[in-house]
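Each chain gets a letter, A, B and so on, in the order the sequences are listed, and its residues count up from 1.
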Amino acid sequence: MEAVENSSRSLNFIESIIEEDLKNNKNEGRVHFRFPPEPNGYLHIGHAKSICLNFGLAEKYHGKCNLRFDDTNPAKEDVEYVDAIKEDIKWLGFQWVDEPHYASDYFDQLYKWAIKLIQDGKAYVDEQPQEEISQQRGVPTRPGIESPHRNRPIEENLALFEKMKNGEVADGSMVLRAKVDMSSPNMHMRDPIMYRVLHAEHHRTGNKWNIYPIYDFAHGQSDYIEGITHSLCTLEFEIHRPLYDWYLNQIADGDYRPRQIEFARLNLSYTVMSKRKLLELVEKNMVTGWDDPRMPTISGLRRRGYTPESIRNFADRIGIAKRDNVIDVGLLEYSVREHLNQIAPRVFGVLDPVKLIITNYPKNKVEELELINNPEDPEGGSRMIPFTREVYIERNDFMEEPPKKFFRLGPGREVRLKGAYIVKCMDYKKDENGKITEIYCTYDPETKSGGNAQRKVKGTLHWVSAEHAIDAEVRLYDRLFTDEDPAGHKDKDFKEFINPDSLKILKHCKLEPSLKGVKPGDKFQFQRLGYFCVDNDSQPDHMVFNRTVPLRDSWKKKK
RNA sequence: UGCCCGAUGGUGUAAUUGGCAACACGUCUGAUUCUGGAUCAGAAGAGUCCAGGUUCGAGCCCUGGUCGGGCAACCA
């Protein structure tokens with residue numbers, strides 16, 4: 001039934017192009033994609049969209065998808081990021097064909113092509129200062145003017161480029177430029193830079209090179225070398241496409257050309273989605289790292305308790321198009337809840353405990369009660385949990401003067417302790433500050449769960465036996481920013497919108513004893529509260545849980 | 001005042017030879033429930049940026065506007 005739904009779903013514009021190409025037997029019916037991250041930061045949910053698109057398309061059309069690191073700028077790149085990126089892609093459940101590729105694998109070939117362009121009179125060395133070059137380029141509304149070095153002899157260009165390559169000239173003192181069109185309305189065609197001098201150590205090629213190609217002179221060629229058929233990228237590269245095609249036409253033989261297609265990047269409400277800004281949050285210690293559970297990074301979402309399935313479903317739901325979009329973060333949350341509802345075992349955890357004493361329950365009695373692990377999962381089984389005279393319940397499940405619609409505990413009111421008995425509140429105690437310290441109830445032995453009690457009550461509470469409870473730390477996360485579009489204000493820095501309450505740490509929460517021995521990454525539903533997972537910081541004697549997402553709460557909404 | 005791209009319920013996405021706008025999330029009802037969860041049933045909400053044109057018929061085609069985004073790193 002899933003398959004039917006899948007196959008009958010309408011195509012996005014990229015799929016339409018692919019199916020058209022397939023119909024025309026373009027590229028002999030081959031489809032080959034690539035995901036081309038620059039290893040200068042961690043992947044975020046926006047990259048996940050692209051990963052799901054590229055690898056997903058490869059699966060759907062029985063093609064291939066490469067992983068290619070776009071590592072042409074050693075000044076910003078690092079192996080740390082290479083490793084993290086690979087891990088994130090694998091975690092999402094995708095596998096690239098062969099070994100990962102690197103743009104740096106093609107430096108030799110790129111260099112040869114640069115020579116060819118020079119020999120063809122299509123490229124020249126320009127040793128003007130950067131400011132000069134940028135000034136001559138003009139502005140979008142006015143044409144630029146040509147460099148005085150534009151028409152220097154080929155031999156001279158060759159000699160100069162050789163010097164650049166050999167490290168004989170200083171950083172920034174010379175560039176190799178393509179001879180395209182200084183009067184083009186497209187700024188990228190105004191004799192774009194192909195190579196710059198950079199005496200930097202590259203994480204893969206070491207000190208072999210003193211010159212490094214610019215993105216535009218590397219990306220299309222890399223696609224070409226790898227036999228990519230559809231090169232998908234985000235909208236801001238649209239204007240680069242004529243240059244992408246121009247370079248390819250200078251170097252390619254035959255008919256085959258990779259085709260660049262642009263789609264709109266993902267924007268999520270209440271967060272930022274640029275590596276630069278995320279890096280800033282990390283470097284200024286406004287979060288604990290790239291994998292801080294509040295970060296929209298894949299590693300952050302993973303630590304937060306998101307599952308690969310939920311992210312892939314999310315990516316599916318948001319679709320692919322060319323118009324700018326802002327996805328409600330609520331849709332992401334919906335996607336995790338949907339999956340976790342299926343797979344997460346239910347447990348009892350009391351975050352803000354207050355003691356409830358059942359005055360008519362025997363003092364040393366312990367009853368082992370059986371609870372279903374997950375009503376949504378028939379295979380989920382059940383577990384035993386101890387019930388005793390003193391239990392903890394959630395502080396906000398009791399009110400001294402409850403309103404009519406409050407289905408929980410209050411003086412004289414009855415509720416069911418889930419899986420146990422119906423209890424009635426007879427009395428309660430407060431300290432000098434008016435804080436409730438103890439609640440006294442009686443229980444009705446006839447109402448044991450699973451029995452044939454007729455009586456029904458409106459409210460059901462979760463609880464934990466005081467004597468058996470495990471103490472734990474629980475971290476509650478909220479959105480990182482208070483503004484829907486923190487980066488969208490011209491006059492204000494996005495950091496001004498950081499939510500001061502994005503992390504709340506709760507100590508001494510009380511968890512049911514079955515949670516002993518959980519491992520980082522384990523996921524649960526704390527009943528009536530939300531989905532939680534064990535954090536990497538968790539220790540056997542000091543458990544730490546992250547709240548992935550709260551349950552939907554129609555009571556809270558009503559208030 | 002150049003070039004490129006876009007415009008469909010609150011948010012996304014769809015409507016595939018032009019046939020009176022669909023799906024998901026969200027919202028609101030009601031049912032059900034030992035999770036105020038989940039589930040189930042139903043409702044409201046756009047006449048497709050505007051104005052012309054072609055056509056029996058236009059969200060889809062044409063013309064002209066408007067609005068939004070992008071482009072002037074030796075970043076990607």
Quick one: do A:D223 and A:R68 make a salt bridge, cutoff under 4.0 Å?
yes
Can you measure from CZ (A:R479) to CG (A:L268) and round to the nearest 0.5 angstrom?
11.0 Å
So, do A:F348 and A:F526 have ring centers that fall under 6.0 Å from each other?
no
Sorted by first residue and then second, give each salt bridge (Lys or Arg N to Asp or Glu O under 4.0 Å) pair with at least one member in residues 172-187 of chain A; sequence neighbours left out.
A:D126-A:R177
Taking for A:K556 and for A:G330 the nucleotide of RNA chain B with the nearest heavy atom, the one nearer the 5' end belongs to A:G330
What's touching nucleotides 2-4 of chain B from the protein side, N or O pairs under 3.5 Å?
{"residue": "B:G2", "atom": "N2", "partner": "A:P185", "partner atom": "O", "Å": "3.4"}
{"residue": "B:G2", "atom": "N3", "partner": "A:P140", "partner atom": "O", "Å": "3.1"}

Is any side-chain heavy atom of A:Y195 less than 4.5 Å from a side-chain heavy atom of A:I214?
no
Is there a side-chain contact between A:S134 and the phosphate of B:C74, meaning an N or O under 4.0 Å from OP1 or OP2?
no
At less than 4.0 Å, is any side-chain N or O atom of A:K557 found next to OP1 or OP2 of B:U27? Yes or no.
yes
Listing time: all N or O pairs from protein to nucleotides 43-48 of chain B that are below 3.5 Å?
none

If the cut-off is 4.0 Å, is A:R137 near the phosphate of B:C74, judged by side-chain N/O to OP1 or OP2?
yes
Inter-nucleotide C1' distance (B:G9, B:A24), Å rounded
13 Å
Collect all protein-nucleotide pairs involving nucleotides 12-16 of chain B in which both atoms are nitrogen or oxygen and the distance is under 3.5 Å.
{"residue": "B:G12", "atom": "OP1", "partner": "A:V326", "partner atom": "N", "Å": "3.1"}
{"residue": "B:G12", "atom": "O5'", "partner": "A:V326", "partner atom": "O", "Å": "3.4"}
{"residue": "B:G12", "atom": "O2'", "partner": "A:I318", "partner atom": "O", "Å": "2.9"}
{"residue": "B:U13", "atom": "OP2", "partner": "A:R323", "partner atom": "NH1", "Å": "2.8"}
{"residue": "B:A14", "atom": "OP1", "partner": "A:I320", "partner atom": "O", "Å": "3.3"}
{"residue": "B:A14", "atom": "O2'", "partner": "A:S10", "partner atom": "OG", "Å": "2.9"}
{"residue": "B:U16", "atom": "O4", "partner": "A:L11", "partner atom": "N", "Å": "3.1"}

Residue list, side chain to side chain contact (heavy atoms under 4.5 Å, CB included) with A:R276, at least two apart or on another chain
A:S274, A:E280
What nucleic acid atoms does A:Y215 come within less than 4.0 Å of, heavy atoms only: base, sugar-phosphate, or nothing?
base
Pairwise P distance, B:G10 and B:A46 [rounded to whole Å]:
7 Å
Kindly write out the residues that satisfy side chain to side chain donor-acceptor pair (under 3.5 Å) with A:E370, not counting sequence neighbours, or none if the list is empty.
A:S382
Taking atom C1' in both B:U13 and B:G65, what distance in whole Å separates the two?
28 Å
Please confirm whether the ring centroid of A:Y244 lies under 6.0 Å from the ring centroid of A:H240.
no
Measuring only the P atom in each nucleotide, how far is B:C23 from B:A44? A whole number of Å is fine.
13 Å
Rounded distance in Å between the P positions of B:U32 and B:A21:
36 Å
Indicate whether OP1 or OP2 belonging to B:G36 is found under 4.0 Å from a side-chain N or O atom of A:R408.
no
